[in-house]
Amino acid sequence: MLSAHLPALQVVVPLVSAPVCLLLRNPRHAWAFALAVSWVTLAVAINLAVQVHASGTASYALGAWAVPWGIEYRVDMASVLMILIITTIGAIVMPYSWRSIGHEIDKKHLQLFYTCYLLFLTGLLGIVVTGDAFNLFVFLEISSLSSYVLISLGSGRRALTAALQYLVMGTIGATFILIGIGLLYMMTGTLNMADLSQRLPVNADSRTIRVAFAFVTVGVSIKLALFPLHLWLPNAYTYAPSVVSAFIAATATKTGIYILLRFFFTVFGISFSFEAMHVGEILMLLASAAILITSLVAVFQDNVKRMLAYSSIGHIGYIILGIGLATTAGVTAGMVHLFNHAIIKGSLFLAMGCIFLRLGSVELSDMHGIARQMPWTMAAFVTGGLSLIGIPLTAGFISKWYLVNAVLNVGYWPLAVLILVSSLLGLIYIWRVVETAYFQMPGYKIRKLSEAPAALLVPTWLLIGTNLYFGVNAGLVTGIAGQGAAVLIGQGVP
Amino acid sequence: MHDVMHGVLGLYNYWIVIILMMTGFYTVIARPNLVKKIIGLFIFQTSVFILFISMAKIEGGTAPIISEGARIYSNPLPHVLILTAIVVSLATTALALALVIRIREAYGTINEDDIHVQDEEA
């Protein structure tokens, strides 16, 4: 009975919980409530994944309105991968948040924080679950608006300007997507994605459709911070509260990539996107530039969170590179890295949150010899860092292995060299942190520090553990990603 | 000549959309004053509302309320969509203005260039 409603519950549970959370006056209750909700959404997600795996794509007519007219929720294997990323990160970050965010913002405002967090979760899950183009825009704005608020809560006034900068760029991006969806509706008279994919080929050769494609592509590229439209990202990640950096870095841009996948493969179709519009070449060019340039820029950052932010843009480049190939292997590699990068970057930002809690800074110049005082935190950072570089036995290696294979399959060996070079650059920027933290003499201030509390270390290590587990036992992730890619490319079961 | 007239006058609402959109977009990019930037952003979004409303118009159609004698109705769906989009844009503008108030409290200015200078000094 309940299982038929899982796609709706996935979104409705956090949505309805958000205003309830606002009413809870006691911050500890608000946290416990948000924690319970994030674990329930994870449970729903796992059930939904099992259901979709067993019986194929789940379609849900919202409010029992028949599908092309009403809003459809549609969950296939590509959505399942995203749902699992979002809810897993959410469920791990929530227990961490109490000590971390409680330290960074006023206790009086905590229930507001958790309300925004739940709305953000709603928006992300909604984007992934919905099968309706306009509904996707609405959920995108729900997640974006709440993420602007979450970022602005960071300590220090630069969080405010970072949030406003993101708001301006994000709104332009979302409006571009809205224009694109409007033009599509103009030509086809439908907003349902499955319906759109049926009707678009008929008039795909019109200028309106091409313009719609361009608007959607540019709009989504801003939201997912595709180089050179990434300008909002470094500041937003650097100045946001630690928990928010970890959660947004792991989920928000990934959801943007999912929107791109949906529009390219499901709505416009692979032959229009990649053969008629040649978007694959453009994506691969921008992705290569992103991988190389941002890895170089990351090497010269003194603020570790900013360094990780630049590295994120580079890793988004890896994912986009896989997608740009438009082969099953390429899209699979992209989706594998989508998952792996989420857990890697999430754990690295959580480790930085531990340091920020004790030290009050994440500048390299303040972190001399910090590994002596905070060995567990730094060990987590190093393990995560190794995974970011792509050392064997970590999740990052699996991603790079798939990506290099996909690239070599189509004979683009210079791209494989590029991936190797940027991995070496990754080694340099991670090494800079290791060198400062392990091989420098700690100053007076550092010697007084103690290790981060277990409330922070346990979630961080949980994510690191996931990371190592999927480095050895990658079958689950690559399996789901492979099926997702097959559905998107149109070779799998519908 | 007739084609040109049709292109300019027959599609005048689309021209208004383009002019508003570019005005808004230019204001967002070029103005250092944060409040003006937000006004630009709002104009930019408004132009899209007009785009949606324009596509709902059907020649000879009346308001989409079932009545005697009416055969053709305007399409009500874009109106509904744009109501949602207006709410979204309202929320965005409100949030942006709230952020500007906080920025003004923290920096003592709402001029982007001055804020950059202060950030560089810090």
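Everything quoted here is computed from the prediction, not taken from an experiment. Atoms considered below: every heavy atom in the structure, side chains included; atoms not considered: hydrogens, waters and symmetry mates. Convention: sequence-line order gives letters A, B, ...; per-chain numbering from 1.
- The environment of CZ in B/R104 is sparse: at most 12 heavy-atom neighbours from other residues, nucleotides or ligands sit within 6.0 Å.
- Between A/L167 and B/L41 the shortest side-chain heavy-atom distance falls below 4.5 Å.
- Neither the backbone nor the side chain of A/Y166 comes within less than 4.5 Å of any heavy atom of chain B.
- Inter-residue side-chain proximity for B/F44 and A/T171 is flagged as unmet; no heavy-atom pair is nearer than 4.5 Å.
- Counted within 6.0 Å of OH on B/Y14, heavy atoms from surrounding residues, nucleotides or ligands total more than 12; the atom is thus considered enclosed.
- Looking only at side-chain heavy atoms (C-beta outward), A/Y185 and B/N75 come within less than 4.5 Å of each other.
- At a 4.5 Å heavy-atom cutoff, the contact between A/V138 and chain B is made by side-chain atoms alone.
- Distance CZ/B/F52 to CD1/A/I181: 7.0 Å, rounded to 0.5 Å.
- With a 4.5 Å cut-off on non-hydrogen atoms, B/T92 touches chain A through its backbone and its side chain both.
- A 4.5 Å side-chain heavy-atom check between B/L81 and A/F137 finds every atom pair outside the cut-off.
- The two residues A/L164 and B/V100 come nearest to each other via the heavy atoms CD2-CG2, 4.1 Å.
- Going from atom CD of A/Q165 over to atom CD1 of B/I115 covers 11.0 Å, rounded to the nearest 0.5 Å.
- Annotation: maximal heavy-atom pairing with chain A below 4.5 Å, among B/E112, B/K37, B/Q118, B/M21, occurs at B/Q118.
- Both the backbone and the side chain of B/Y107 have a heavy atom closer than 4.5 Å to some heavy atom of chain A.
- Heavy-atom pairs under 4.5 Å with chain A were tallied for B/L77, B/V48, B/D119, B/I82; the largest tally goes to B/D119.
- Taking CG of A/L178 as the reference point, atom OG1 of B/T84 lies at 10.0 Å (rounded to 0.5 Å).
- There is no contact between B/E105 and chain A, counting heavy-atom distances below 4.5 Å.
- B/R102 CZ: 12 or fewer foreign heavy atoms inside a 6.0 Å radius.
- Around atom CZ of A/R157, more than 12 heavy atoms belonging to other residues, nucleotides or ligands sit under 6.0 Å away.
- Within the 4.5 angstrom heavy-atom criterion, atoms from both the backbone and the side chain of B/I103 approach chain A.
- Looking at A/I142, neither its backbone nor its side chain comes within 4.5 Å of chain B, counting heavy atoms on both sides.
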